[in-house]
Structure formats: structure tokens, C-alpha cells
Amino acid sequence: LTAAIAWTGHAGSTLGAIGNLHVTADALHLLAAGAWIGGLVPLVLLLAAARHHSTVAWASQARDVTRRFSTLGTVSVATLMASGIVNAWILVGSVHALLITEYGRLLMLKLGVFAIMLVFAAMNRFWLKSRLGLSAATGAQLDALRQLTRNSTIEIGLGVVIFAIVGMLGTLHPAIPSL
């Protein structure tokens, strides 16, 4: 259902072979965004439960789930970047259009929020995830769980901001004049 939205927006109105590429890229973009943000919600709930129960079993489960989510996040981000480049190339067409059109400026805002999300995701993946394997007796594991929960919650909030920006982009004419 998430991918089906691609046929209702700008991608659905792009004709020919470029239209097929556009719909495919947009559907992949939507799926990747949904997997990342949608996956963060149960991850945050699990991390919060692990913090409150603070047993070895919960810590082990939080570590394993975080490791698996990290893979999902990496695939999602790579897909978002590749499909986003295709979508921007089709809808914006040039750096000049990115800078001077309302659509382009709003897209740059979206990219800025996405960059901030990536900072939080990178902290989670490369710094905090490894701290879940530390001894719980030192408190470092609980601190990592607290920070992972907070950072992942912030990622969800930033994702919601991006969803709102995308909603506004959908009401604007693309920056490229031929669409």
C-alpha cells in the first residue's frame, strides 16, 4: 500500500520510459522511508522496555534487535539516497532550479532534515550500538539504551517533519518546467 502512493503523485503523471523509472524510484523511496520510520517505532518500544527491565535477557534482546535494525536502516538509507537522486533529477533537473524554485528550496529543507536524521542514525549505529555489548554492571549499557531510545525517538520526530514537507512538495508544481 505504501508503494502505491507513487502512482498518485508527480511520479504517476510522468510519461514514457522516464515515467516508469520515476514510479519505480518513487515506490522504492516510499518503501524505504516507511521501513525506516515504521521500524523505529517498535525499536523504541523495545529499547524502553529493556531499560525498565534491565536484565541480561532484555539487554541481549535489545542488542540483537538493534543489530538487525541497523541492517534495515542501512539498506533503507542507501535506497532513499539512490531513489531520491533519481526523483530529484526528474523533478528538479538542475542545481539552478533547486535554488530558485519554491519546490527546490522545500526539497533542500527536506534534505537538511534528512541529514540531521542521518547524524542521529550514525551515532546510534557506530557508537551506541556497540555499547550495548558492555557489562551492565558498569551502567554503560543502561546509558546506551537510554541514549538509543532518545536518539531513535528524535529520528521518528524528524521523519514526521519530512513526511509533512513531502506533503507540501506534493501540492507544488515540480521545479522542472516540462512536468
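We use all heavy atoms of the structure for the numbers below, so side chains are in, but hydrogens, waters and symmetry mates are not. Keep in mind it's a predicted model, so treat the numbers as computed, not measured.
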[X] with [Y], same ILVMFWY side-chain cluster at under 4.5 Å:
X	Y	answer
Leu91	Val95	yes
Ile85	Met108	no
Leu31	Ile37	no
Val92	Met81	yes
Val75	Val77	no

* **Whether Thr66 side chain and Ala62 backbone form a donor-acceptor pair below 3.5 Å** => yes
* Structure fact -> Residues passing the side-chain hydrogen bond (donor to acceptor under 3.5 Å, both in side chains) test with Arg63, sequence neighbours excluded, are Ser60
* Between His29 and Thr79, is a side chain to side chain contact (heavy atoms under 4.5 Å, CB included) present by the stated rule, with each step listed? -> CA-CA 7 Å; His29 201 77; Thr79 302; over 6 Å; no
Can you tell me how far the [atom1] atom of [X] sits from the [atom2] atom of [Y], to the nearest 0.5 Å?
X	Y	atom1	atom2	result
His52	Leu47	NE2	CG	10.5 Å
Arg150	Met123	CZ	CE	6.5 Å
Ile154	Phe120	CD1	CZ	4.0 Å
Ile116	Leu111	CD1	CG	11.5 Å
Trp36	Ile156	CH2	CD1	11.5 Å
Ser94	Trp89	OG	CH2	13.0 Å

Minimal non-hydrogen separation, [X] against [Y], with atom names:
X	Y	answer
Arg51	Leu145	CG-CB, 3.4 Å
Leu72	Ala35	CD2-O, 3.7 Å
Ser83	Ala25	CB-O, 3.2 Å
Phe163	Ala33	CE2-CB, 4.3 Å

* Structure fact -> Sorted by chain and residue number, the side-chain contact (heavy atoms from CB on, under 4.5 Å) partners of Ile162 (sequence neighbours excluded) come out as Lys110, Val113, Phe114, Met117, Val166
* Structure fact -> side-chain contact (heavy atoms from CB on, under 4.5 Å) filter on Leu128, not counting sequence neighbours, yields Asn124, Arg131, Gln147, Leu148, Asn151
* **Exceeds 12 heavy-atom contacts within 6.0 angstrom, atom CE of Met168** => yes
* Heavy atoms, side chains only, cut-off 4.5 Å: are Arg105 and Leu99 in contact? -> no
* Test log, rule side chain to side chain contact (heavy atoms under 4.5 Å, CB included), inputs Val86 and His22 -> CA-CA 7 Å; Val86 171; His22 195 187; 5.8 Å; no
